[in-house]
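Input: a single structure, listed below in structure tokens.
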Amino acid sequence: MLPPLNLRFALLAMVCALPLVAQAETPLSAEREAELETLLYQDCGSCHGMTLRGGLGPELPRSRMNAYSQDGLAALILHGVEGTAMPGWEGLLTEQEALWLADHLQNDNPLDE
């Protein structure tokens with residue numbers, strides 16, 4: 001025997017909402033943001049230059065970073081650029097962390113000031 005129709009709809013709504021709950025992420029801690037900034041200027045800086053002015057990889061000025069959407073830039077960070085030395089970082093970074101880096105490059109980037 002099936003449960004009443006209104007109970008079935010309630011159960012269906014709860015099951016459909018589960019992916020949304022799983023996607024809700026807590027904000028990054030100040031400590032993690034500091035780690036990401038260090039990663040940007042040291043690890044990414046090993047190719048893009050410690051001040052993001054270029055090296056093996058191109059310079060990363062704010063004007064260039066704002067040519068991308070934040071989601072597009074985060075995808076580039078996570079998946080890399082095929083056929084170049086730019087690796088994907090998705091094994092080390094979450095999507096939320098890549099979005100934080102993209103935001104930092106677009107808004108808090110000292111290059112172009």
Does Thr51 reach the side chain of Tyr41, with side-chain heavy atoms less than 4.5 Å apart? no

Evaluate the side-chain proximity of Leu28 to Gln96: yes if any heavy-atom separation is below 4.5 Å, no if none is. yes

Quick check: closest heavy atoms across Pro61 and Asn109, and the distance to 0.1 Å? C-ND2, 3.6 Å

For residues Ala74 and Ala102, report the shortest heavy-atom separation together with the two atoms involved. N-CB, 4.0 Å

More than 12 heavy atoms of other residues, nucleotides or ligands under 6.0 Å from CD of Glu95: is that the case? no

Answer yes if Val81 and Leu92 sit in the same cluster of Ile, Leu, Val, Met, Phe, Trp and Tyr residues linked by side chain heavy atoms under 4.5 Å apart, and no otherwise. yes

Grouping I, L, V, M, F, W and Y whenever their side-chain heavy atoms are under 4.5 Å apart, do Leu99 and Leu105 come out in a common cluster? no

Between [X] (side chain) and [Y] (backbone), is there a donor-acceptor pair under 3.5 Å?
X      : Y      : answer
Arg62  : Leu111 : no
Gln106 : Tyr68  : yes
Glu59  : Leu52  : no
Asp103 : Gln70  : no
His48  : Pro58  : yes

Report the C-alpha separation of Trp89 and Leu101 in whole Å, then their side-chain angles, then the decisive distance to 0.1 Å, and conclude whether the side chain to side chain contact (heavy atoms under 4.5 Å, CB included) test is met. CA-CA 12 Å; Trp89 292 81; Leu101 286 167; over 6 Å; no

Salt bridge (charged side-chain N to carboxylate O under 4.0 Å, His left out) between Arg32 and Glu97, intermediate numbers included: CA-CA 9 Å; Arg32 183 59 181 153; Glu97 292 167 336; 2.6 Å; yes

How long is the gap from CG on Asp108 to CD on Glu33, to the nearest 0.5 Å? 9.5 Å

Check against side chain to side chain contact (heavy atoms under 4.5 Å, CB included), Glu90 and Ile77: CA-CA 8 Å; Glu90 77 181 319; Ile77 292 166; over 6 Å; no

